[in-house]
Participant: 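Below is one structure. I have some questions about it.
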Amino acid sequence: MERKTEAGQSREGLLRSYNQGQSIPLRRSLEDAYRADSESDIDVTEFLDRDPLNETSQVPVAAYETTTKLRNIRTLFTRRSKCVLIVLAVLAVFWSLLAGGGFALYKKKPEDGKSPPWYPSPAGGTVKQWSESYSKAAGLVKKMTLPEKVNITTGTGWQMGLAVGNTGPANNVGFPGLALQDGPLGLRFADNATAFPAGITVGATWNKELMYLRGKAHGQEARLKGVNVLLGPCVGPIGRMPAGGRNWEGFGSDPVLQGIAAAQTIKGIQEENVIATIKHFVGNEQEHFRQSWEWVLPNAMSSNIDDRTLHEVYGWPFQDSVKAGVASVMCSYQMTNNSYTCGNSKLLNGYLKDELGFQGFVQSDWLAQRSGVGSALAGLDMTMPGDGLRWANGDSLWGPELTKAVLNGSVPVSRLNDAVTRIVASWYQLGQDDKSKFDNEGPNFSSWTNDQMGFVNAGSPDDKDSKVVNQFINVQGEDENAHSIIARRVATEGTVLVKNEGSILPLSKDGFPAGEGDVIKMRIGIFGEDAGEGKGRNFCLDRGCNQGTLGSGWGSGAVEFPYLITPTAAIKEAFSKDRVYVTDFPTNKPTLSKNPEILDDQDVCIVFVNSDGGEGYISSDGIRGDRNDLGLQKGGDQLVKDISVGCGRGKGSTVVVVHSIGPVVVESWVNLPGVKAVIMANLPGQESGNAIADVLVGNVNPSGKLPYTIGKSLEDYGPGGKVMYYPNGAVPQQTFSEGLYIDYRWFDKHANAPRYEFGFGLSYTTFDYSNLVIKKFLEKTPLPAPRPSVLPPPKLDDAIPDPSEALFPAGFRKLSKFIYPYLDKIPDMKKNKYPYPEGYDIIQPPSQAGGDEGGNPDLWNVYATASVDIKNTGSREGQEVVQLYLSYVDVAGEATKVDFPVRVLRAFEKISLAKDEMKTVTFNLTRRDLSYWDVLRQNWVMPHEGKITIRVGASSRDLRLMDWY
Ligand code: BGC
């Protein structure tokens, strides 16, 4: 049996071992590799440790690579020239300055205090839907000792436990340790589990039922694998920057699409008794500089978001998630308005817990917590994975430190009680206390080894107790309940047909029409590395490289594929072998000049191309998380050009299939005469081939719509659409000055013609829209009803306990690096005033926009409905996504005061229609849908003078009907 981490291995070594069947968590391995380096004669740590902030949180890939590079340079130097020493010294000084915030010497100082204070942290247990869970939780928490309480709030440390995040139990009262596992599209590091299509593909289905079903299947797999808390869905990033590395984990570049998809997913997951986590709250729009040290700088960047934009764009899907009852929120790595998000009291206490009425618990992203007492006061409830400023060293900002902070009075007992009660109440709320629903035995798989036997606490060298850690339980469902059925439906419906000249698609399975087909077989050539399996379906750790067909982006949001249906395999199966001759060339460099017949003979050429990226701790092919541009990768653009020009000596038809983590610019080839059809297949997961084959041959009529805009250039998305690749200060400042105008809203405002607009997608049939009817249900009034009074939170004993309670029990066997809540000795308690944050003593008034889970209940009342008749006027059955957009341009009186996008999506429905069938679709419009966030009144305001324009259509630019409310 082998541990998955091996100190000192090179990146290539790690990949090699992985390919030989071991699975090695990359980040930890790099940490080990880095440590091994730091123990050698080269010492990058020296100057990292000398940094005044001493916040080395995670060993970044860059640091590791630089370490290796430095070692080589140094060998050279000791043997040869003193000049190199001087150069090195200068470089070292420069880097020290940079790392120590030296940038500030010649760049503008970081802005401070842009996020107002909001204290004290609102206690949970204030709404009816949670009251039973809170009263049970309070009953349990009352009986807990201080260390038991702390145990529940603090992860046990990286690789201490079988999941990626593990908390300690409160054994005396029977509360278990919780297992937290990624991620949004399946179970990371798990065997025998489904690799569902990614969030972006789910968004592209615009199918609420599928969103829910995928969530439910995912939740069921988590439950059967013993996972208490699933680290998904993801709605942040929302997609401000089309090249953003993690946009694919979420559902598309619009708050309403994200919000609805998240709510449906949460409903599905939580119906399976698993706690869903909505992440990353909030503003984590790019990977570059997202966290301290990962990008060399000691501090993460700041996303600067104004109040209205927070409410109407970035916060909107979180509000939907809270309304849907989500039990956990993960705060993001970077700062928001120059305060680390996991310690940002305005966001956690003010917005999330007071205004949105969030009743569950806030957990930090992995090492996103940057302060101990500060983050507790600001509303953080659980720190993950437990380690504090650095990976895997066992030094927590909480754990024993929180115990001390409570004993010396700097963190009020009431705050700790609230954090613990929130976690325990979430466990009750999801029915995890019920043995018939949830076994609480812990995970039956290990994130750290693929072997059956392994160490539960693989991160501690002291764990010598080998146990069965992988039970290889198959959770993929069977027969008609097989989750592959849902995965395939999502992949198929998330495939978007954007060009179909001359109705070249669908291709007939029987090739040429009967008669001709008796003598001539149709010839189809499949081109591109993206059509095949490449070097293996799980070739790279966390899918951190682009090879073979692209089914998912990379990072913690990726999973091992249990199997992969490649496009080539499925397409070959889809056609009649007697009448169609399919050959494949799974390379991006076919030898066209040497073998012109490869192309000359084809009637149809299907080219597969892609564009990959992912989370910022992995870099591959020069891409570090965020993509460098919106082009196709690995020579894809050239491949499409070559194939389309040569296919059938210029007479063949080329179909282009793009797998991508987000929009790609297609201008260099989309209008070439040979390019007859273009399909944006997004990230389809394990059922990739079946999905594309179904669409190509018309087994399924395509019904996906773009969840983002495909612009003609990156510039067309506006300045806000650009990833910041180089820091503009010690704390890089990303100011979201475009406000509400992301994606199609920017294109509309600036009259930029996109290549394919948000919400666009073709079908093999046609639909007619008629008879838009708006019905008024409630009278317009500017402000929602006053905030209703809430239930009192449970009362617990807030007295500081006896410190002896916190000592390690006698004879306790400690594992090194494991994070315990106990203390070795009673701490020295100095009497002094704790330097509480500015504004800590000012009690904030509750928000009028709050009052229930999801905000003021009046925001969710239906004020109007819009109904529309849709008829299938084409020749075959199909599904249509009917979209409703709203604008304020005709609002008298308000229009001059309120800037508002040309149109914003507010509702959608997907319907299925047989040939000639007609259905009426009805949309509910809530007060929030009809309102904007007024920063002065600090409330949602519905313009009540004049009319709100409502348009309904088939995309954001194909709006067929209009009426007013
Ligand atoms: C990611 C989170 C993930 C966590 C645990 C972090 O790097 O940002 O999305 O849930 O790791 O793997």
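Given the structure is predicted, the values throughout are model-derived calculations rather than measurements. Both counts, for ligands and for their atoms, begin at 1 and track the order of listing. What you see below is based on every heavy atom in this structure, not just the backbone, and it leaves out hydrogens, waters and symmetry mates.
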Participant: Which ligand 1 atoms does His280 reach within 4.0 Å, using its non-hydrogen atoms?
Facilitator: 2 (C), 8 (O), 9 (O)

Participant: Report, in ascending order of atom number, the atoms of ligand 1 lying under 4.0 Å from any heavy atom of Arg188.
Facilitator: 12 (O)

Participant: Can you check which of Leu367, Asp182, Asp365 brings a heavy atom nearest to atom 12 (O) of ligand 1?
Facilitator: Asp182

Participant: Between the side chains of Tyr212 and Glu271, is a donor N or O closer than 3.5 angstrom to an acceptor N or O?
Facilitator: yes

Participant: Could you tell me whether some N/O pair between Arg246 and ligand 1 is separated by less than 3.5 angstrom?
Facilitator: yes

Participant: Does Met384 come within less than 4.0 Å of ligand 1, judged by its heavy atoms?
Facilitator: no

Participant: Can you name the atoms of ligand 1, numbered from 1 with element, that are less than 4.0 Å from a heavy atom of Met330?
Facilitator: 10 (O)

Participant: Can a side-chain donor-acceptor contact be found between Asn228 and Gln181 if the only test is distance below 3.5 angstrom?
Facilitator: no

Participant: Under 4.0 Å from a heavy atom of Leu231: give me the atoms of ligand 1 that qualify, with their elements.
Facilitator: 10 (O)

Participant: Which of the numbered atoms in ligand 1 are under 4.0 angstrom from any heavy atom belonging to Tyr333?
Facilitator: 6 (C), 7 (O), 8 (O)

Participant: State, without any angle test, whether Tyr708 and Asn682 hold a side-chain donor-acceptor pair at a distance under 3.5 Å.
Facilitator: yes

Participant: Looking at Arg188 and Asp542, does any basic side-chain N land under 4.0 Å from a carboxylate oxygen?
Facilitator: yes

Participant: Below 4.0 Å, non-hydrogen atoms only: which portion of Arg290 touches ligand 1? Side chain, backbone, both or neither.
Facilitator: side chain

Participant: Near Lys279, which atoms of ligand 1 are under 4.0 Å from a heavy atom of that residue?
Facilitator: 2 (C), 3 (C), 9 (O), 10 (O)

Participant: Measuring from the heavy atoms of Glu249, does anything fall under 4.0 Å of ligand 1?
Facilitator: no

Participant: Could Arg290 and Asp365 be called an ion pair, given the rule that one side-chain N must be under 4.0 Å from one carboxylate O?
Facilitator: no

Participant: Distance only, no hydrogens: is a donor on one side chain within 3.5 Å (strictly under) of an acceptor on the other, for Thr265 and Arg214?
Facilitator: no

Participant: Could you tell me if His483 and Gln220 have a donor-acceptor pair between their side chains, going purely by distance under 3.5 Å?
Facilitator: yes

Participant: Could you walk me through whether Gln686 and Phe196 pass the side-chain contact (heavy atoms from CB on, under 4.5 Å) check?
Facilitator: CA-CA 7 Å; Gln686 66 187 32; Phe196 290 99; over 6 Å; no

Participant: Would you say Tyr617 touches ligand 1, if touching means a heavy atom closer than 4.0 Å?
Facilitator: no

